[in-house]
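For ligands, and for the atoms within them, numbers begin at 1 and follow the listed sequence. Values below: every heavy atom of this structure, side chains too, minus hydrogens, waters and symmetry copies.
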Amino acid sequence: MDALIPVLNKLQDVFNTVGHESIHLPQIVVVGTQSSGKSSVLENLVGRDFLPRGTGIVTRRPLILQLIHTPKETKEINGHANGSENNDSSMPKDAEEWGVFLHVKNKIFTDFDEIREEIERETERLTGSNKGVSQEPIVLKIYSPRVVTLTLVDLPGLTKVPVGDQPQDIEQQIKEMIMTYISNPNSIILAVSSANTDFSTSEALKLSRDADPDGRRTLAVVTKLDLMDHGTDAYDVLCGRVIPVKLGIIGVINRSQLDIKNKKPIEESLKDEATFLQKHYPSIAGRNGTSYLARTLNRLLMHHIRDCLPSLKTRINVMASQFSSLVNSFGEPVEDKGKLLLQIITKFATAYCATIEGTAKNIETNELCGGARICYIFHETFGK
Ligand SMILES: Nc1nc2c(ncn2[C@@H]2O[C@H](COP(=O)(O)OP(=O)(O)OP(=O)(O)O)[C@@H](O)[C@H]2O)c(=O)[nH]1
């Protein structure tokens, strides 16, 4: 099953390039209100600091993030990664983790700060610098031995009041953008809400229910467990007693803005997260936290792909046969262009001669044509 996800990632690349919308590939889509911690959750899953984060609207274009696991030992042995996914970009010699953007394919980013800058630059290129939003996705591949192979989509957060260059209907536009991604029946929805807001008012859950009424592909994530009011806890929420979520509710603790400012390493923050959960939620600590979330996502995605595969295969086969009959209708492939050109010229010359001589098959009968017309013009027009 592990070999399956890289193949789907490759297909997704092709469809992103050719813009084909009739094939929906399985992927995980992150949804939530603005600043609920979506980008932080993604960063923790990747284990690297590389997404623009902060207060206000930060994610302003969808980010399609393909995580590709590269085994460490393979690199040491071969000097080349063995996953089929890794053949499409040359592997840097001195880095074990790197990123490649679809819009700058020939550049390999080994510095994750540069990846963040490139996301910011590419976002501003289309949306300007004053909080504008665009539907056009940015596609980024991260190769690393520390990630599980997954495809994730980070979306702009749900918002209510337009600010900066945002249009009056920004709320509606973002909702529609989110819906186009989550209504894809092959997507798993990661509905992110923060623990310091009331879970029953979660916009993310509300939207995901519209797209997935049976809750068969929605997983809830509760962030900011560390920011809850003193004297309150999230036991009821995490155990599904407030709103049950079929696939589960997982609590996580990301880095605060101060931690980001102080450049707290993600490894340290993951350790602190585990300690926090053990201290405050000992009975459910094993079912919460970022590493549990990563494992759950990988499992869900694999099951989901297994379920979607038959219909995906049928659709691809139908399209392949449609296109191959279209290609066949264009005739045999041309091997010797000179020969073909000569044949075409000879054919044309023969047809021309036949028309002039009046021996062509399809001769017009309602008016004079070819040689007969030339003869008529010479006799009737010039002859007088
Ligand atoms: N203390 C604490 N702060 C958090 C947590 N999760 C996120 N934050 C902070 O909340 C702010 C917003 O986080 P982001 O990850 O940028 O949120 P987002 O949902 O991606 O935001 P947009 O992309 O703008 O919609 C940042 O300053 C984070 O440091 C958490 O679990 N605990």
Side-chain angles (χ1 to χ4, degrees), residues 28-46 48-65 116 119-120 123-124 127 129-134 137-138 140 152-164 166 170-171 173-175 177-178 181 189-197 199 202-205 207 220-230 233-234 237-238 249-266 268-277 280-281 288-293:
I28 290 165
V29 184
V30 188
V31 179
T33 45
Q34 205 170 291
S35 298
S36 54
K38 301 178 295 299
S39 304
S40 304
V41 168
L42 282 189
E43 260 195 353
N44 278 359
L45 287 173
V46 182
R48 288 301 293 256
D49 221 328
F50 71 104
L51 289 176
R53 264 150 321 125
T55 46
I57 184 157
V58 179
T59 311
R60 298 189 284 126
R61 279 179 66 179
L63 176 75
I64 299 180
L65 185 64
R116 183 185 314 110
I119 295 174
E120 284 168 351
T123 302
E124 288 197 2
T127 60
S129 54
N130 199 9
K131 304 185 169 75
V133 173
S134 162
I138 299 175
L140 168 64
L152 301 146
V153 183
D154 191 12
L155 293 173
L158 287 155
T159 181
K160 297 268 178 210
V161 183
V163 289
Q166 293 171 356
I170 184 75
E171 180 181 2
Q173 274 197 23
I174 292 186
K175 273 190 182 163
M177 189 192 305
I178 292 174
Y181 281 88
I189 307 165
L190 210 57
V192 178
S193 322
S194 56
N196 53 3
T197 57
F199 194 61
S202 167
E203 284 276 345
L205 274 184
L207 261 195
V221 177
V222 179
T223 60
K224 307 192 185 184
L225 291 178
D226 56 323
L227 294 185
M228 293 189 72
D229 274 346
H230 288 299
D233 65 49
V237 169
L238 295 176
I249 303 171
I250 299 177
V252 296
I253 298 124
N254 303 309
R255 286 172 305 165
S256 65
Q257 195 61 33
L258 185 67
D259 292 337
I260 295 167
K261 228 166 109 189
N262 294 340
K263 299 206 180 307
K264 180 176 174 180
I266 288 192
E268 202 179 306
S269 108
L270 292 179
K271 267 186 212 150
D272 289 351
E273 181 189 39
T275 315
F276 182 94
L277 288 171
H280 296 273
Y281 299 91
N288 288 282
T290 303
S291 60
Y292 181 76
L293 176 64

Distance-only polar pair, side chains of Ser269 and Asp272, donor-acceptor under 3.5 Å: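 Distance-only check fails for Ser269 and Asp272.
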
Just by distance, with hydrogens left out, do Ser39 and Asp154 show a side-chain donor and acceptor under 3.5 Å apart?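 A pair is found: one side chain offers a donor N or O, the other an acceptor, under 3.5 Å apart.
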
Using a 4.0 Å cut-off to any heavy atom of [X], which atoms of ligand 1 qualify?
X	answer
Leu227	1 (N), 2 (C)
Gly157	25 (O)
Gly37	7 (C), 13 (O), 14 (P), 15 (O), 17 (O), 18 (P), 19 (O)
Ile253	31 (O)

Before accepting this row, confirm whether a basic side-chain N of the pair Arg116/Asp49 lies closer than 4.0 Å to the acidic partner's carboxylate O. yes

For ligand 1, is there an atom lying under 4.0 Å from some heavy atom of Ser36?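 The answer is yes, since Ser36 has a heavy atom less than 4.0 Å from ligand 1.
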
Does [X] approach ligand 1 within less than 4.0 angstrom via side chain, backbone, both or neither, non-hydrogen atoms only?
X	result
Asp226	side chain
Thr59	both
Ile260	side chain
Arg255	backbone

Evaluate side chain to side chain contact (heavy atoms under 4.5 Å, CB included) for Lys160 paired with Gln34, printing each intermediate quantity in order. CA-CA 9 Å; Lys160 297 268 178 210; Gln34 205 170 291; over 6 Å; no

Heavy atom to atom 18 (P) of ligand 1, shortest distance: which of Gln257, Gln34, Lys38 holds it? Lys38

Shortest non-hydrogen contact from Thr223 toward Val41: CG2-CG2, 3.7 Å

How many angstroms lie between CZ in Arg255 and CG in Asn262, if you round to the nearest 0.5 Å? 10.5 Å

Check: Glu43 side chain, Leu51 main-chain N or O, donor-acceptor pair, under 3.5 Å: yes

